Amino acid sequence: MTDTKFSRQGQLVLDYLKSGRALTNLIALTNLGVGSLTSRVAELRKAGVEIQDEWSFDHWQRAYKKYWMEKAAP
């Protein structure tokens, strides 16, 4: 499912989020090869994609943001 209005990395991020999983910078970099998740999320939001986010903390109390999409009702 490709949408030509998004960059290749934007499409990777969109497909990942549509799978129902949360995405962080670390996951985006290591699994998808996306170096700037923030830019890709901004690209998708500008096109009208509704992406949720929240700040979380790891066990060393370092802050990171995670992104996800709400599942559509069946």
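Model, not experiment: these values are computed from the prediction.
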Enquirer: State, yes or no, whether a side-chain contact exists between L37 and T24 at a heavy-atom distance under 4.5 Å.
Expert: no
Enquirer: Are any non-hydrogen side-chain atoms of D53 and V41 less than 4.5 angstrom apart?
Expert: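 No; the side chains remain at least 4.5 Å from each other.
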Enquirer: Looking at residues at least two apart in the chain, or sitting in another chain, which of them share a side-chain contact (heavy atoms from CB on, under 4.5 Å) with L12?
Expert: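 R8.
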Enquirer: Can V34 and Y16 be said to form a side-chain contact (heavy atoms from CB on, under 4.5 Å), step by step?
Expert: CA-CA 12 Å; V34 174; Y16 189 95; over 6 Å; no
Enquirer: Heavy atoms, side chains only, cut-off 4.5 Å: are F6 and V49 in contact?
Expert: yes
Enquirer: Below 4.5 Å, heavy atoms only, C-beta onward: do N25 and L29 meet side chain to side chain?
Expert: no
Enquirer: Taking atom CD as the centre, does E54 end up with more than 12 heavy-atom neighbours from other residues, nucleotides or ligands that are less than 6.0 angstrom away?
Expert: yes
Enquirer: What closest approach, in Å, do G10 and S7 show between heavy atoms, and which atom pair accounts for it?
Expert: N-OG, 3.0 Å
Enquirer: Give, for atom CG of N31 and atom CG of L26, the distance between the pair rounded to the nearest 0.5 Å.
Expert: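 Going from the CG atom of N31 to the CG atom of L26 covers 8.0 Å.
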Enquirer: Go through the steps to decide whether V13 and L23 satisfy the test side-chain contact (heavy atoms from CB on, under 4.5 Å), and finish with yes or no.
Expert: CA-CA 8 Å; V13 169; L23 186 58; 3.8 Å; yes
Enquirer: Suppose we screen for salt bridge (Lys or Arg N to Asp or Glu O under 4.0 Å). Which residues come up paired with R21, at least two apart in sequence or across chains?
Expert: none
Enquirer: Say you draw a straight line from CD of Q11 to NZ of K5; how long is it, rounded to the nearest 0.5 Å?
Expert: 10.0 Å
Enquirer: Show every salt bridge (Lys or Arg N to Asp or Glu O under 4.0 Å) that has at least one partner inside residues 29-40, sequence neighbours left out.
Expert: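 Pairs touching residues 29-40 that pass the test: R40-E43.
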Enquirer: Taking atom CG of L14 and atom CD1 of I51, what is their separation to the nearest 0.5 Å?
Expert: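 That separation rounds to 7.0 Å.
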Enquirer: Check side-chain hydrogen bond (donor to acceptor under 3.5 Å, both in side chains) between T30 and all other residues, then give those that pass, not counting sequence neighbours.
Expert: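 Applying side-chain hydrogen bond (donor to acceptor under 3.5 Å, both in side chains) to T30 gives none.
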Enquirer: According to side-chain hydrogen bond (donor to acceptor under 3.5 Å, both in side chains), who are the partners of S56, at least two apart in sequence or on a separate chain?
Expert: none
Enquirer: Side-chain atoms of residues 59-69: list all donor-acceptor pairs with protein atoms under 3.5 Å, sequence neighbours left out, distances to 0.1 Å.
Expert:
unit_1: R62; atom_1: NE; unit_2: D58; atom_2: OD2; d: 2.8
unit_1: R62; atom_1: NH2; unit_2: D58; atom_2: OD2; d: 2.9
unit_1: W68; atom_1: NE1; unit_2: E70; atom_2: OE2; d: 2.9

